[in-house]
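Let me begin by presenting the structure, written as structure tokens, before commenting on it.
The sequence lines fix the lettering, A, B, ..., with proteins before strands; numbering per chain opens at 1.
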Amino acid sequence: MAELTAEPTSSATSVAAASWKRTINSGDLRDTHVGQTVTVNGWASSVRDHGGVTFVDLRDRTGIVQIVSDPSRNNYSEAAHTEAGKVKSEFCLSVTGVVVPRLVGKENPNLPTGAVEIEVTEIEILNPCRALPFQLDDANVNEEARLKHRYLDLRRPVMYDKLRLRHEVVRAVRQFLYAENFLEIETPILTKSTPEGARDYLVPYRLDPGKFYALPQAPQQFKQLLMVSGMERYFQIAKCFRDEAQRADRQPEFTQIDLEMSFVTQEDVLSLVERMIIAVVESVGTKTVLKPFPRFTYDEAIARFGSDKPDIRFGLELTDCGDLLAETAFAVFRTTLDNGGQVKAIRYPGGAKLPRSGMDELGERAREFGAKGLAYFLVDEEKTATKGPLAKNLTDAEKSAIIEKVGAEPGDLVAFVADSKETTAKVLDRLRRLIGERLGLTSKDTLAYCWIIDFPVFEPDENGGWTFAHNPFSMPKGNDMRLIDTDPAAMRAQCYDLVCNGYEAASGSVRIHKPDIQRAILQKMGLTEEQIAARFGHMLEAFAFGAPPHAGIAPGLDRLVMLLTDDENIREVIAFPKMGGGYDPLMDAPSEVDAKQLAELGLVIKETKKA
RNA sequence: GGAGGUGUAGCUCAGUCGGUUAGAGCGCCGCCCUGUCACGGCGGAGGUCGCGGGUUCGAGCCCCGUCAUCUCCGCCA
């Protein structure tokens, strides 16, 4: 930490006098201000000292204006010139001077303020700045360094713009929901652990050692209780906490636009959120949002795209070839179909021109994604397939029927995956996205939203029982409760996800508001009466007091902003994000605590970690 | 938990087949410079090659281990 160079010092000793206060924002200066004496506050973005003439680019959050000290000019001040000579990068300054037009031919068309400059008459170094750990104008800096000095990283205009855009999104959300008569209500951060779903962050309880609060994975239960309370329309910009492995689009703490409504149907929620998203995206104005949002059932999404979060900016849908191959003699397909698996195909437009290595890479990727292999053939000019590993294994009739059904054109590559329904979907989803990206079909200027509805209520768990496929509080559709004992896998829930460009953008459902249904669902998932009572007793009891029908949803704020800023990493749109293991290099958190604190909590650390 | 990538100056990186004193650009420090806007010129400082061990006459480079970080898989109601 010790700096070898001396700390720069400021000549300013008095901050009591307010002569340094700004009279105008740097970025607002135009030729209409010429002749005015102004004071600007900000940071030295760049200093250019010619020995005689000195320039300082002064930056505040509104922009940059050029400060000049030139001995040949009328407003020249010897004292200000001396002070300006001390200024270095990122010094915090107050500059007073006269706005003048720039010399003819010296205007800077790259700056909005480039027609003018400030001839400095007074300059006060509000605070000097030591040598920077990285250069703020370097767009490619080690992320750990950026996060360790995040306050400097955030000085970069590009980062200010991101946080500003995030702010505009939040403002637009609030404006929209206020107009729709939602109440903004806060819910607790210290709450109860309910061990379903993700791992909880726990907070030890001092007054009764051995007990813990949990940080909420979402305000789910509270918002439902608020419906029981008659709030009718609730929302919150809510922090959520999940102790799970991170990803580029996942942080241990993240923000949801959490909302819930009473006396509404699924349709009401979908329509409201669709209007909200469109209003927000269009108010920010950086992207084109396609509307209306198409809707796919879960089954349809899996069948057509292999995914319940399809990127629908492009087609290249999957084609089930099972019926066309009913009589096939090709052993791989034959066996798969006989065992109840699927054979599905995807076309790769122009893929026949790929070099051999490009085709091999497809196969490698398919294996990475879980396929045993990747079969393909190439479509030639006569719309027949004579090339590719699969060409010889299928009859001409089979090939032409497939080419027809897939919609393949001459020059296409048609790739096949033969496997279980799940693996086929998963692999072809990945291949589809890979092909879409390779072909440049994923324009970032377009936000292609879609709704995925009718999720299964249950899916098989690892132990041969059932777990919830989506959310344990989701109301089954129509009469589907009748199937709970006979065919639970066939039950569908009034669940919905909003998907955008292949990202899950929101998730919600019509909730169960009747205690007996909720109890039956939880029992089916293998919870005992005791477990139900301990974990959900308060919910079931609340529902017994005249709970209204209600439904809700929670769009993820971070991902929405990330899509609007073209970032592929959620950390870019969070002021103070965490690194991989949940570590915060700026605060150096998490950290060890005093033995006294541990003792108060009744905690003993069993093993010391690696040195 | 698993796989892959990365780790060399403050930052971004190069470093050949294992060879003598580990380089560049930017930044930093000093001097010079009267119209620049990524100013320019000259000079200088700055290195535990992530860490530990091994192979070798010799390791930034090869081997083993380990740590950190990024991405992906698992995981994420």
Side-chain angles (χ1 to χ4, degrees), chain A residues 3-6 8 45-59 64-73 76 81 88-90 102-111 113-114 117 119 130-149 152 194-200 216-218 220-221 240-252 254 365 368-370 426 430 455 457-459 461-462 467-474 493 495 504 507-509 521-522 525 535-536 554 556 568-569 571 579-581 583 585 609-611:
Chain A
E3 295 289 315
L4 296 178
T5 52
S45 185
S46 134
V47 181
R48 297 177 293 280
D49 185 349
H50 291 245
V53 178
T54 299
F55 300 97
V56 175
D57 282 348
L58 189 94
R59 182 196 70 246
I64 284 177
V65 67
Q66 175 163 280
I67 310 296
V68 61
S69 178
D70 182 342
S72 70
R73 309 282 291 178
Y76 179 71
H81 191 78
K88 293 174 199 165
S89 254
E90 295 304 313
R102 291 204 186 185
L103 301 184
V104 175
K106 301 299 181 185
E107 302 87 355
N108 185 345
N110 299 320
L111 285 180
T113 63
E117 59 193 358
E119 285 187 357
R130 65 162 68 158
L132 297 166
F134 54 88
Q135 288 154 256
L136 302 192
D137 58 1
D138 188 344
N140 176 32
V141 178
N142 175 286
E143 193 175 14
E144 186 167 355
R146 289 176 57 202
L147 293 183
K148 187 174 171 72
H149 300 277
L152 293 177
T194 55
E196 286 70 36
R199 194 178 292 115
D200 284 322
Q217 297 182 22
Q220 181 67 33
Q221 296 189 33
C240 306
F241 306 86
R242 295 177 193 177
D243 185 3
E244 292 293 343
Q246 289 183 225
R247 284 286 187 279
D249 62 349
R250 294 204 316 238
Q251 279 272 296
F254 58 99
R365 299 297 291 271
E368 272 172 40
F369 298 144
K426 187 170 162 184
R430 302 304 178 97
F455 281 78
V457 175
F458 296 111
E459 62 186 21
D461 70 11
E462 306 103 46
T467 184
F468 47 90
H470 193 274
N471 170 324
F473 307 111
S474 302
C495 279
E504 183 185 309
S507 187
S509 64
I521 297 282
L522 294 171
M525 292 177 354
R535 296 177 196 171
F536 302 105
E568 285 176 3
N569 191 312
R571 294 187 293 273
M579 298 201 306
Y583 178 64
K609 279 194 308 182
K610 62 254 179 181

pair_partner(B:G4), Watson-Crick or wobble, both distances < 3.5 Å, evaluates to B:C70
Under 4.0 Å, heavy atoms only, any strand: does A:Arg365 hit a base, just the sugar-phosphate, or nothing?
nothing
- What nucleic acid atoms does A:Arg73 come within less than 4.0 Å of, heavy atoms only: base, sugar-phosphate, or nothing? base
Output for pair (A:Leu152 CG, A:Phe134 CZ), nearest 0.5 Å, gives 5.5 Å
From CG of A:Asp249 across to C1' of B:C75 the rounded distance in Å is 13 Å
Output for pair (A:Phe458 CZ, A:Ile521 CD1), nearest 0.5 Å, gives 4.0 Å
Across every strand shown, the nucleotide meeting Watson-Crick or G-U wobble geometry with B:U16 (both distances under 3.5 Å) is none
Can you tell me whether the side chain of A:Glu117 and the base of B:G35 have a donor-acceptor pair closer than 3.5 Å? yes
### Query
For A:Phe55 and B:U36, are the ring centres under 5.5 Å apart with planes inclined under 30°?
yes
Original post:
Any donor-acceptor pair under 3.5 Å joining the side chain of A:Arg242 to the base of B:C76?
Top reply: no
Using only side-chain N and O atoms of A:Asn140, determine if any of them is under 4.0 Å from OP1 or OP2 of B:C13. yes
So salt bridge (charged side-chain N to carboxylate O under 4.0 Å, His left out) across residues 135-146 of chain A, not counting sequence neighbours, yields A:Glu143-A:Arg571, A:Arg146-A:Asp153, A:Arg146-A:Glu572
Under 4.0 Å, counting only non-hydrogen atoms across every strand here, what does A:Ala469 touch: a base, just sugar-phosphate, or nothing? nothing
Distance-only donor-acceptor test (3.5 Å): side chain A:Arg250, base B:C75
yes
> Between A:Arg247 and B:C70, is there a side-chain N or O to OP1/OP2 distance below 4.0 Å?
Replying inline: no
By nearest-heavy-atom nucleotide on RNA chain B, the more 5' of A:Ala245 and A:Gly52 is A:Gly52
Next on the checklist: Please give the distance between the C1' atoms of B:G40 and B:G46 as a whole number of Å.
Outcome noted: 23 Å
**Message:** Just N and O in the side chain of A:Arg130: are any of them under 4.0 Å from OP1 or OP2 of B:C29?
**Reply:** no
Looking only at B:C70, B:G10, B:C73, the nucleotide nearest the A:Asn569 side chain is B:C70
Hits for side chain to side chain donor-acceptor pair (under 3.5 Å) against A:Arg102, two or more places apart or cross-chain, chain-then-number order -> none
Quick note, A:Asp70 side chain, CB onward, closest among B:C72, B:U69, B:G35 is B:G35
Looking at B:G27, I'd like to know if its phosphate oxygens (OP1 or OP2) sit under 4.0 Å from a side-chain N or O belonging to A:Lys88. no
Q. Between the main-chain N or O of A:Phe55 and the side-chain N or O of A:Arg48, is there a donor-acceptor pair closer than 3.5 Å?
A. no
The reported gap from CD1 in A:Ile67 to OG1 in A:Thr54 (rounded to nearest 0.5 angstrom) is 12.0 Å
CG of A:Leu136 to OG of A:Ser45, rounded to nearest 0.5 Å, is 7.5 Å
Applying the 3.5 Å cut-off to both distances, the Watson-Crick or G-U partner of B:G65 turns out to be B:C51
Any strand, both distances under 3.5 Å, Watson-Crick or G-U wobble: B:A9 pairs with none
Can you give me the N/O atom pairs linking the protein to nucleotides 37-41 of chain B at distances under 3.5 Å, or say none if there are none?
residue: B:C37; atom: O4'; partner: A:Arg48; partner atom: NE; Å: 3.0
residue: B:C37; atom: O2; partner: A:Gln66; partner atom: OE1; Å: 3.3
residue: B:C37; atom: O2; partner: A:Asn108; partner atom: ND2; Å: 3.0
residue: B:C37; atom: N3; partner: A:Arg102; partner atom: NH1; Å: 2.7
residue: B:C37; atom: N4; partner: A:Lys106; partner atom: O; Å: 2.7
residue: B:C39; atom: OP2; partner: A:Ser46; partner atom: OG; Å: 2.7
residue: B:C39; atom: OP2; partner: A:Arg48; partner atom: NH1; Å: 3.1
residue: B:C39; atom: N4; partner: A:Asp49; partner atom: O; Å: 2.8

Checking B:C72, B:C11, B:C76 against the side chain of A:Ala198 (C-beta onward), the nearest is B:C76
Beyond-backbone contact of A:Leu103 with A:Arg73, side-chain heavy atoms, under 4.5 angstrom: yes
In Watson-Crick or G-U wobble terms, with both distances under 3.5 Å, the base opposite B:C31 is B:G41
Whole-Å distance, A:Glu244 CD to B:C72 P, equals 16 Å
